[in-house]
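Inspection log for the structure reproduced underneath, given as C-alpha cells.
Throughout, residue positions are numbered sequentially from 1 according to the sequence presented. In listed order, ligands and their atoms are each counted from 1.
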Amino acid sequence: MTRVAVVTGGASGMGEATCHELGKRGHAVAVLDLNGAAAQRVSEELRAEGVTAFAAAVDVSDRSAVEEAFAKVRTELGPVHILVTSAGVVDFAPFTDITVGAWQRLIDVNLTGTFHCCQVAVPDMLKAGWGRIVMISSSSAQRGSPGMAHYAASKGALLSLTRSLAREYGLSGITVNNIPPSAIETPMQHAGQVAGHLPSNEQMAASVPVGHLGTGDDIAAAVGFLCSDEAGFITGQTLGVNGGSVM
Ligand code: NAD
C-alpha cells in the first residue's frame with residue numbers, strides 16, 4: 001500500500017538511502033534536511049525513479065520550522081504515516097572539554113529534533129490507525145563512547161523514547177523502533193575520519209565480525225522492513241545493524 005513517508009536527514013548517507021528504499025517500496029517520500037539544496041537533489045533523483053517526492057529545508061531542532069515543513073508535506077503528499085528520523089549531528093571532545101553549547105546542540109538536534117518530528121507526525125498516524133516510526137540512534141548509545149559522551153547521551157535517550165512511544169501507541173497501530181548503526185560508510189563517518197577522530201575504514205573493518213563496513217543501503221533495507229505491514233508485531237525494539245558487533 002502506498003503511504004507518505006517523511007525522512008529527516010534524507011539528503012545524505014543513511015537518510016538518502018532510506019528515501020530510495022521507501023520509494024522503491026511504493027511510498028511517496030518527503031525529504032527533509034537542513035541542507036535544502038541537497039534535499040532537492042534527492043527528491044529530483046526520486047522523481048526520476050518514478051517516485052512521488054517532495055523536499056523541504058528544515059532544521060529539526062526548530063519546532064515551528066518542523067510544523068511548517070510537515071504542513072507542506074500534508075498539502076503536497078497527504079497525511080504522514082511513516083517517519084524515519086535520520087537527521088543527526090556528531091561532535092568529538094574529551095568529557096571535561098565539552099562546552100555547554102556543544103552539549104545543548106547535540107541534545108537539540110539528535111534528541112529534541114526527534115521529539116519534535118514524532119510529536120508532529122503522530123496525530124496523522126492516530127487518525128489512520130496505522131503508523132511506523134524508525135529512529136536512527138547509534139551503537140554509542142548501547143556501549144558508550146569515550147570522547148563522545150554528549151553524542152552518546154543524546155542518542156541513548158532515543159532508546160527510551162522508542163520503548164515509551166511503542167508502549168503508548170501499541171493499541172493504535174503505530175510501531176516505534178530504532179536502529180543503532182555502527183561503522184557505516186557515510187559522509188558523517190568520513191568527516192570524522194578526515195578530522196582524525198575516527199579510525200580508518202581498514203581499522204574499523206577489522207573489528208567488525210563480518211569483516212567489512214556497512215553502507216547506507218544496509219540500514220535502509222532494515223528501515224524499509226520495519227516500516228512495512230509485515231513488521232507490525234515488531235515494536236519497542238533496538239535493532240542492531242552492525243555486522244555482528246556485540247553491544
Ligand atoms: P550524514 O551526515 O551523511 O547525514 C545526516 C544528515 O542530517 C545530513 O544531510 C545533514 O544535513 C542532516 N542534518 C544535520 N542536522 C540537521 C538538522 N538540525 N535538521 C535537519 N537535518 C539535519 O550522516 P549519516 O552517517 O547518514 O547519519 C545518519 C544518522 O545516523 C545520524 O543521526 C547519525 O548520528 C547516525 N549514526 C551514524 C553512524 C555512522 O557510522 N555513520 C553511526 C551511528 C549513528
Measure [X] to ligand 1 on non-hydrogen atoms and call it side chain, backbone, both or neither using the 4.0 Å cut-off.
X: Ala191; answer: neither
X: Val60; answer: both
X: Val90; answer: neither
X: Arg105; answer: side chain
X: Lys155; answer: side chain
X: Asp59; answer: both

Can you find an N or O of [X] that's nearer than 3.5 Å to an N or O of ligand 1?
X: Thr186; value: yes
X: Leu34; value: yes
X: Asp33; value: yes
X: Ile184; value: yes
X: Ser86; value: yes
X: Met14; value: yes
X: Ser61; value: no
X: Ser182; value: no

If you draw the axis of the six-membered ring of Trp103, does the NZ or CZ of Arg105 fall within 45° of it and under 6.0 Å from the ring centre? no
Any donor-acceptor pair under 3.5 Å linking the side-chain atoms of His27 with those of Arg3? no
Any side-chain donor-acceptor pair under 3.5 Å between His190 and Glu185? no
Where ligand 1 meets [X] - atom numbers and elements under 4.0 angstrom, heavy-atom basis:
X: Gln189; result: 40 (O), 41 (N)
X: Ala87; result: 7 (O), 20 (C), 21 (N), 22 (C), 32 (O)
X: Ile136; result: 29 (C), 30 (O), 35 (C)

In Thr85, Thr114, Thr162, the residue satisfying side chain to side chain donor-acceptor pair (under 3.5 Å) with Asn178 is Thr162
Between NZ on residue Lys155 and CD1 on residue Ile136, distance to nearest 0.5 Å: 8.0 Å
Consider only side-chain heavy atoms of I, L, V, M, F, W and Y, link residues closer than 4.5 Å, and tell whether Val210 and Leu213 are in one cluster. no
Taking Val66 as the starting point, is it possible to reach Leu158 by hopping between hydrophobic residues whose side chains are less than 4.5 Å apart? yes
Ser145 side chain to Ala152 main-chain N or O, any donor-acceptor pair under 3.5 Å? no
Quick test of your reading of the model: are Glu16 and Arg41 salt-bridged, counting only N-O distances below 4.0 Å? yes
Return the closest protein heavy atom for atom 3 (O) of ligand 1 as residue, atom name and distance. Ser12 OG, 2.6 Å
Shortest protein contact, atom 42 (C) of ligand 1 (heavy atom only): Pro181 O, 3.7 Å
Just so I know, are the side chains of Thr8 and Asp33 near enough to count as touching, which here means a heavy-atom distance under 4.5 Å? no
Measuring only between side-chain heavy atoms, which start at C-beta, is Met188 closer than 4.5 Å to Val90? yes
Please determine whether side chain to side chain donor-acceptor pair (under 3.5 Å) holds for the pair Glu67 and Ser64, giving the CA-CA distance in whole Å, both sets of side-chain angles, and the decisive distance to 0.1 Å. CA-CA 5 Å; Glu67 285 175 359; Ser64 52; over 6 Å; no
Give the single entry among Thr112, Val58, Val89 that approaches atom 15 (N) of ligand 1 most closely by any heavy atom. Val89
Does ligand 1 have an atom under 4.0 Å from some heavy atom of Gly113? no
